[in-house]
Student: 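Starting off with a structure, shown below.
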Amino acid sequence: DNITVRELAEKLNKTPAEIVKKLMELGTMASINQVIDFDTAEIVASLYEVKVQREIPEEEKLLQEIVDDESQLKPRPPVVTVMGHVDHGKTSLLDRIRKSNVALGEAGGITQHIGAYQVNINDSKITFIDTPGHEAFTAMRARGANVTDIVVLVVAADDGVMPQTVEAINHIRAAGVPFIVAVNKIDKPEANPERVMQQLTEYNIVPEEWGGDTIFVPVSAKTGQGIDNLLEMILLVAEMQELKANPDRPAEGVVIESKLDKGRGPVATVLVQKGTLHVGDCLVCGSNMCKVRAMMDDKGRRVEKALPSMPVEVMGWSDVPEAGGKVIACDEKIAKQIVELRLNEKKLEEQKKSSRVSLDEFFKHMQDAEVKELNVIIKGDVQGSIEALSQSLQRLSTDEVKVNVIHAAVGAISETDVMLASASNAIIIGFNVRPESKARKHAEEEGIDVRLYRVIYEVIDDVKKAMAGLLEPEY
Ligand code: GDP
């Protein structure tokens, strides 16, 4: 749906500079490589009396979405994620639930860690995601994979609400997923479940018995007390959600975990969300393909098919697919075409990255009349030097080139700074500060120019040189 200013200019047969000017008249400051949304592009095009249409991506032409009819939908098990503060018993709870469910003498009942597992309660099933915590949960969400139907928020009865409990609550609310509170460690003499209930009311989480709508279940992962009750409550919440999927269609799902196995090659745990996955199916995930050679369940048994909400380890991938990636079963020919399309897209992405502004290439871009502005983010150790630097740099602006300091603050270079630089095509200058390790990695991935200095005149010198096209590339 989005288009860069340059692409729009090409389509309208105008110079990029003209489009930038038009955008400015409309009150939008955009550089040539900046991406603008469809609505903005439509307005600009209308100024030239051109009607624009959203492009149907090639992929959508190849892979038409299957719309399920209400009558085809069948109940499916809920998918549950466990969250809570460190040491409150998330892992113990997951282990306890898994162990209590392996029936005595069950064939091949040795549980395997594949990233998720399923338990049977009477005639129902529950799927548990085996990586507890909100980081994994939100990382998956950031990739567009909303797999969790219900969250179990674990709070230790002896410790009460702690910082990560609150964090988890915020992440759960951001996702809009229903949750149950498991008050754990009630076997401990110092356990005080009432206090946990009281503390949570401060976050508007009120137990049913106090007139609220949150289910609280006292449990002990150590003794197993209350676990059956917790599972029943999960099923109750699931029933209210009326979770359904059509099992009679090609499978769709999400990669929960993946790895390169020495003996088996690339393997990925796929959580099926719709349809049924069969051995022999052809899958795409990102730019990877899979002709499903074999599938294993969470007890290490070979299975021929997997229904909605079932996690299975899938073998036969061309390469290791990324966790959080969407998996779609389709015809092999179509899969090949989609992989090709996506690989091409990746290449384009790479090229876009390398066309990002860096100080050494600034002059070149400027000569191509692409860049007339240099956007700069300054991070420094003290306010005084940041201000001095920021003023000196802005004073370097000439009629041809404008230096814009878009953000200046005290502190290490953070991931948010890199995101800002990436969104505004800026360079980052660190003055007596360094990038945080995550920020450094992110900057490398995004191709953001991050420069570190200890002396003000060196910064000014470099920027001056860049403006005059004299700067040697930094290696
Ligand atoms: P996580 O960090 O939330 O995954 O917590 P763990 O499951 O690793 O548990 C942290 C510690 O609490 C471990 O030493 C567990 O043995 C202990 N623990 C967990 N659940 C219980 C419980 O119900 N009762 C008691 N007494 N100890 C527990």
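Whatever order the structure lists them in is the order used to number ligands and atoms, beginning at 1.
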Student: Mark up the atoms of ligand 1 that fall under 4.0 Å of a heavy atom belonging to Asn184, in ascending order.
Tutor: 20 (N), 21 (C), 23 (O)

Student: Taking the side chain as every heavy atom from C-beta outward, state whether Trp210 and Gln198 have any atom pair closer than 4.5 Å.
Tutor: yes

Student: Can you name the atoms of ligand 1, numbered from 1 with element, that are less than 4.0 Å from a heavy atom of Asp187?
Tutor: 22 (C), 23 (O), 24 (N), 25 (C), 26 (N)

Student: Can you list the atoms of ligand 1 that are under 4.0 Å from a heavy atom of Lys222?
Tutor: 22 (C), 23 (O), 24 (N), 25 (C), 26 (N)

Student: Using atom types as modelled and distance alone, determine if a side-chain donor or acceptor of Lys90 lies under 3.5 Å from a backbone N or O of His85.
Tutor: yes

Student: Using modelled atom types and a 3.5 Å cut-off, is there a donor and acceptor pairing between side-chain atoms of Arg76 and backbone atoms of Ala245?
Tutor: no

Student: Which ligand 1 atoms does Asp87 reach within 4.0 Å, using its non-hydrogen atoms?
Tutor: 1 (P), 2 (O), 3 (O), 5 (O), 10 (C), 12 (O)

Student: So which protein heavy atom does atom 12 (O) of ligand 1 come closest to, and at what separation?
Tutor: Lys185 NZ, 3.0 Å

Student: I want to confirm something. Looking only at heavy atoms, which of Gly89, Gly84, Pro189, Gly226 is nearest to atom 5 (O) of ligand 1?
Tutor: Gly89

Student: So which heavy atom in the protein is nearest atom 23 (O) of ligand 1, and how far is it from that ligand atom?
Tutor: Ala221 N, 2.9 Å

Student: Would you mind listing which atoms of ligand 1 come within a distance below 4.0 Å of any non-hydrogen atom of Ser220?
Tutor: 23 (O)

Student: When you look at CD of Glu70, are more than 12 heavy atoms from neighbouring residues, nucleotides or ligands closer to it than 6.0 Å?
Tutor: no

Student: How about Val418 and Ile428: do any of their side-chain heavy atoms sit closer than 4.5 Å?
Tutor: yes

Student: Write out the residue and atom name of the closest protein heavy atom to atom 9 (O) of ligand 1, then the distance separating them to 0.1 Å.
Tutor: Ser92 OG, 3.5 Å

Student: As an exercise, identify every atom of ligand 1 less than 4.0 angstrom from a heavy atom of Lys188.
Tutor: 26 (N)

Student: Using protein heavy atoms only, decide if any is under 4.0 Å from atom 3 (O) of ligand 1.
Tutor: yes

Student: If we count only N and O atoms by modelled type, under 3.5 Å, do the side chains of His88 and Asp159 hold a donor and an acceptor together?
Tutor: yes

Student: Ion pair present between Lys336 and Asp331, side-chain N to carboxylate O less than 4.0 angstrom?
Tutor: no

Student: Is Asp449 salt-bridged to Arg451, going by a charged N under 4.0 Å from an acidic O?
Tutor: yes

Student: Within ligand 1, which atoms have a heavy atom of His85 less than 4.0 Å away?
Tutor: 3 (O)

